[in-house]
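Both backbone and side-chain heavy atoms feed into the values below; hydrogens, waters and symmetry mates do not. Given the structure is predicted, the values throughout are model-derived calculations rather than measurements. Along the sequence shown, residues are numbered consecutively beginning with 1.
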Amino acid sequence: QVQLVESGGGLVQAGGSLRLSCAASGRSFSNYAMGWFRQAPGKEREFVAAISWSGSRSYYADSVKGRFAISRDNAKNTVYLQMNSLTPEDTAGYFCAADLIIMPTSRSDYASWRDIEYDYWGQGTQVTVSS
């Protein structure tokens with residue numbers, strides 16, 4: 001089992017940047033693919049970015065491609081989301097999630113965009129972008 005705690009959210013002006021962190025407790029962090037999702041008031045949760053267990057593959061929603069970057073440090077049990085060129089449309093609660101990879105090999109070195117694939121979720125951190 002893994003517990004996830006997000007941090008780094010806040011209020012930023014349009015065009016600004018934030019870096020979110022998600023710290024994982026428990027063992028074998030490198031056995032998890034990690035994802036970031038977001039949910040704005042009145043909207044459904046949506047995929048933002050994901051990274052494979054090794055960190056070699058990353059995936060992005062079209063809406064954030066070129067502006068956001070996901071990374072991980074398995075030695076620190078932490079996944080990051082660097083967010084640049086923020087717009088008010090990025091305002092949402094941001095959640096990290098962990099998907100257990102039973103056998104972390106090169107064949108399983110990928111990450112899903114589907115939230116139902118993820119086993120554990122953090123409590124979220126709020127990002128508000130003012131215009």
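Side-chain N or O atoms of Glu6 include none that pairs as donor or acceptor with a backbone N or O of Leu20 at under 3.5 Å. No donor-acceptor pair closer than 3.5 Å links the side chain of Ser56 to the backbone N or O of Ser54. No side-chain donor-acceptor contact under 3.5 Å links Ser30 to the backbone of Asn74. Looking only at distances, a side-chain donor or acceptor of Arg72 sits under 3.5 Å from a matching main-chain atom of Phe29. Formation of a donor-acceptor pair under 3.5 Å by the Thr91 side chain with backbone atoms of Val129 is found in this model.
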Handout entry: Verdict with reasoning, Glu46 to Arg38, per side-chain contact (heavy atoms from CB on, under 4.5 Å)
Key = CA-CA 5 Å; Glu46 64 174 357; Arg38 67 187 182 186; 2.5 Å; yes
Handout entry: Step-by-step side-chain contact (heavy atoms from CB on, under 4.5 Å) determination, Asp99 to Asp119
Key = CA-CA 5 Å; Asp99 174 17; Asp119 306 292; 3.5 Å; yes
Practice task
Tell me, with the steps shown, if Met83 and Val127 meet side-chain contact (heavy atoms from CB on, under 4.5 Å).
Solution key: CA-CA 10 Å; Met83 305 187 296; Val127 171; 3.8 Å; yes
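At least one side-chain heavy atom of Asp109 sits less than 4.5 Å from a side-chain heavy atom of Trp53.
Of the residues Trp113, Phe37, Trp36, Tyr118, the one that meets the ring-ring contact (aromatic ring centres under 6.0 Å, His included) test with Phe47 is Phe37. Partner of Ile70 under the side-chain contact (heavy atoms from CB on, under 4.5 Å) criterion, chosen from Val64, Val79, Val48: Val79.
Rounding to the nearest 0.5 Å places CD1 of Ile101 at 12.5 Å from OG of Ser28.
The two atoms that bring Tyr80 and Asp73 nearest to each other are CE1-CB, 4.1 Å, heavy atoms only. Pairing each heavy atom of Ile102 with each of Pro104, the nearest pair is O-CD, 3.6 Å.
Few gaps surround CD on Glu117; more than 12 heavy atoms of other groups in view lie less than 6.0 Å from it. In this structure, Gln126 places its CD atom where more than 12 heavy-atom neighbours from other residues, nucleotides or ligands lie under 6.0 Å away.
Transitive grouping of hydrophobic side chains (ILVMFWY, heavy atoms separated by less than 4.5 Å) keeps Tyr110 and Ile51 in distinct clusters.
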